[in-house]
Number of protein chains: 2
Amino acid sequence: MHDLAQRLGVSVTTVSRALQDHHSIGRKTKDSVKKLADELGYQRNSMAAALRKKKSNTIGVIVPQIARPFISSMISGIEQVANEAGFSVLISQSSDLYQKEVKHASSLYSSDVDGLIVSLAMETQNYDHFSPFLDHDVPVVMVDRVTEKLEVDKVIINNFSAAFQATEHLIASGYRRIAHMGGAAHRNIYRERKKGYLAALQKHGLVTEEALITDTILSIDAGIESTRRLMNLANPPDAIFAANDTTAVQSILYLQELGIDVPQEVGVVGFNNDPISVIVQPNLTTVSHPADEMGIAAAKQLVDKIDGERRGIETITIETELIVRDSSTKRSTNPAEKSTKGLISRDVQNVQNII
Amino acid sequence: MHDLAQRLGVSVTTVSRALQDHHSIGRKTKDSVKKLADELGYQRNSMAAALRKKKSNTIGVIVPQIARPFISSMISGIEQVANEAGFSVLISQSSDLYQKEVKHASSLYSSDVDGLIVSLAMETQNYDHFSPFLDHDVPVVMVDRVTEKLEVDKVIINNFSAAFQATEHLIASGYRRIAHMGGAAHRNIYRERKKGYLAALQKHGLVTEEALITDTILSIDAGIESTRRLMNLANPPDAIFAANDTTAVQSILYLQELGIDVPQEVGVVGFNNDPISVIVQPNLTTVSHPADEMGIAAAKQLVDKIDGERRGIETITIETELIVRDSSTKRSTNPAEKSTKGLISRDVQNVQNII
DNA sequence: TTGTAAGCGTTATCAT
DNA sequence: ATGATAACGCTTACAA
């Protein structure tokens, strides 16, 4: 900038203003400044600007794991909105570890991010690491894995009602002994899903046995192991409602290994609408969990607050939808109805990003 | 820092040094400074430090799409290495658009990133937007989708030999009329895969018909459409080698809709070892493409160069492996061999991240 | 071992 | 419409 100013015989102030289209600078001056800047390949130093303005035009994101379909779609949504609004995105993953989340929070804070989007680690139960942000009025938005212990903006889905609906669907499909493969109980999304499941059973007067419920980390192995345990029960379930698609799909595959027909003998419903849900045969009935929409909503919420266009705390609830596919609907035994023999069912339209 | 200095009756210099564990500061002083800093919740302002040191401890990443299994795993690898080395990660997606890639490059440059990791957009054919980095000695590393037109560090796989191997495997399995569903020809990874495919056919004296080759964006729809076109040929193929798993899996599903048996009538091989490859039945034979390893290698390369521990240009080639599953191996017709009836094959171990 | 002071590249304030 | 100057918060010669 000094260079530009000298060459043009004006002050750095003028250059700075011209580059920012400040109203008090003449057309001619602006044009000449911009022209020379272009020619010399001048690139504004955002560090210095950030330091002076105390605004970095950067938002921080902390997620449990980047490499999950749900999370990466969410990040993608965040990135789009943020970039349109002129923000860069600083990303970090906690690997579901509390310690890492704390470290990242502190590092992002001292990077002077203008705002923070968080989806909590599975482990996290203490939230003091977010205090610096709250104390210094740096906006925070929590997405999906949130906590009621912090008064911040949130973007969530109605896990209770989604789970309730999913379970009722199984009941309506004729299943009676329904198991639930759930996640860590202190993470409210899993707690809510379990509650919704229990509420549906109760409404219809069905058994709610502890033995029919597993609490795991919802990994591949956990899916196989939980299914094994459930099917080894003296009185095994005739349906499984899993808190994510990963475990649901593993259930289907494992049941098939056991020679058990899905959905004829055991029905399965998942959660998330991951790509795999339309690849597995039979296609998995699941709950759409619009990750990109959630990311977009969170980023918008954050940007609006940073730009001062919004005050106060709000929680946005994104709509989900039960997507009924073949893993939970018994085929008709009426020979009059036409079967789909030869035709494998597919439902490519509804699935989340899959490329 | 001023505050700390005053309270302790020392200079800011001392505080700054104490916080950085500078050797010329006494143990006692260091301790007291650190203690008070903790108590007052002091957080170093990395902007100011970056401005002064001309090092932001941030690396920029530009990828085509965040929400793809391959890319998100790669990012995850980058993030891990970068964070261990004390760098933050600024992420942006080009959406496979040239214009966006250019914008992001410029924005990252003026954010003063210490280095850049890029995987090129499908569209990109001009590379001038990376000149600012190269001209000012900001290290650049390209991963996977690279170009020979830029002299920078690279992390790639041997696409030619992987494709060659995959095609030879199909030939060894008894397929003779092998089609290829490939990607944009100006992106060298797809060009190399096609070359490998052709070379294998030629080596074994098989036909290499243009009609058996499709060039698409390798999306779900492209997978279905290409398969339709191939199978409508007067003389359709008896095997398909696809340049990614997305299209390969769609091929399998579509062939099954047509009532065609995979692998008995048509064999299919994919590329990437995405999660879906072990969900589809029959499990997909594919090429492992260790995304996280590539991300890790790229980040290490970059960090080493930033830290001045390495000079000159180098290309790292990550090993891939042909993972033979059921989609490409005809079942024995010899009744003496035991069939796997009732037992659905699974190969959970080898697949890329899937949670 | 510690302190003084300059300076990183901008932008904001106040003047002209 | 433009300019001089201070300041953002930190690091680092150089001095003591």
Side-chain angles (χ1 to χ4, degrees), chain A residues 1-34 36-37 40-58 86 88 106-114 132 136-138, chain B residues 1-34 36-37 40-58 86 88 106-114 132 136-138:
Chain A
M1 271 179 47
H2 271 86
D3 188 26
L4 290 181
Q6 279 204 316
R7 293 188 191 230
L8 291 167
V10 298
S11 73
V12 285
T13 311
T14 303
V15 173
S16 171
R17 284 178 177 149
L19 259 18
Q20 295 173 79
D21 263 334
H22 195 280
H23 60 272
S24 73
I25 300 290
R27 186 121 301 291
K28 282 192 305 185
T29 321
K30 268 188 198 168
D31 290 347
S32 60
V33 170
K34 287 185 180 169
L36 188 62
L40 298 186
Y42 165 80
Q43 300 254 21
R44 170 173 182 281
N45 180 327
S46 7
M47 291 275 137
L51 177 60
R52 179 61 231 238
K53 292 202 289 195
K54 297 183 133 287
K55 179 160 192 289
S56 60
N57 278 300
T58 296
S88 295
S106 138
S107 148
L108 288 175
Y109 179 78
S110 67
S111 292
D112 251 5
V113 293
D114 296 334
H136 295 82
D137 291 315
V138 180
Chain B
M1 268 177 52
H2 271 84
D3 187 27
L4 290 181
Q6 279 204 315
R7 293 187 193 231
L8 292 166
V10 298
S11 74
V12 285
T13 309
T14 306
V15 174
S16 172
R17 285 180 174 146
L19 260 18
Q20 294 175 79
D21 263 334
H22 195 280
H23 59 273
S24 74
I25 300 291
R27 185 121 302 291
K28 282 193 306 184
T29 322
K30 268 187 199 169
D31 289 347
S32 60
V33 170
K34 287 185 181 171
L36 188 62
L40 298 186
Y42 166 80
Q43 301 255 20
R44 171 172 181 281
N45 180 327
S46 8
M47 289 278 138
L51 178 59
R52 178 61 229 241
K53 293 203 289 197
K54 296 183 137 288
K55 180 162 191 289
S56 60
N57 277 299
T58 297
S88 295
S106 139
S107 147
L108 288 175
Y109 179 78
S110 68
S111 292
D112 250 4
V113 292
D114 296 333
H136 295 83
D137 290 316
V138 180

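A, B, ... follow the sequence lines: proteins, then strands. Residue 1 opens every chain. Only heavy atoms go into these numbers, but all of them, side chains included; no hydrogens, no water, no symmetry mates.
With sequence neighbours excluded, the residues forming a side chain to side chain donor-acceptor pair (under 3.5 Å) with B:Arg7 are B:Asp3, listed by chain and number. B:Tyr42 pairs by the ring-ring contact (aromatic ring centres under 6.0 Å, His included) definition with nothing, not counting sequence neighbours.
Among pairs with a residue in residues 24-34 of chain B, those fulfilling salt bridge (Lys or Arg N to Asp or Glu O under 4.0 Å) read B:Asp21-B:Lys30, B:Asp21-B:Lys34, B:Arg27-B:Asp31, at least two apart in sequence or across chains.
With a cutoff of under 4.0 Å to any heavy atom of chain B, the contacted region of DNA chain D is bounded 5' to 3' by D:dG9 to D:dC14.
Between A:Asp112 and A:Thr58 the shortest side-chain heavy-atom distance does not fall below 4.5 Å. When side chains are defined from C-beta on, A:Leu8 counts as touching A:Val33, because their heavy atoms get closer than 4.5 Å.
With rounding to the nearest 0.5 Å, the separation of OG in B:Ser107 from CG in A:Asn57 is 9.5 Å.
Looking at A:Asp114, its side chain never comes within 3.5 Å of a backbone N or O of A:Lys55 through a donor-acceptor pair. A donor-acceptor distance shorter than 3.5 angstrom exists from the side chain of B:His136 to the backbone of B:Pro132, with no hydrogens or angles considered. For B:Ser46 (side chain) and A:Ser110 (main-chain N/O), a donor-acceptor pair under 3.5 Å exists by modelled atom type.
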### Summary
Given protein heavy atoms under 4.0 Å, the one-letter contact record of nucleotides 8-14 of chain C, with B base, S sugar-phosphate only and - none, is simply BBBBBBB
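Using modelled atom types and a 3.5 Å distance limit, the side chains of B:Thr13 and B:Ser16 yield no donor-acceptor pair.
Overall bending of the helix from C:dT1-D:dA16 to C:dT16-D:dA1, expressed as the angle between end axes built from five pairs apiece, is 30° (10° steps).
Heavy atoms of A:His23 sit under 4.0 angstrom from primed sugar atoms or phosphate atoms, though from no base atom.
In this model, the phosphate group of C:dT1 is not approached by any side-chain N or O of B:Thr14 to a distance below 4.0 Å at OP1 or OP2.
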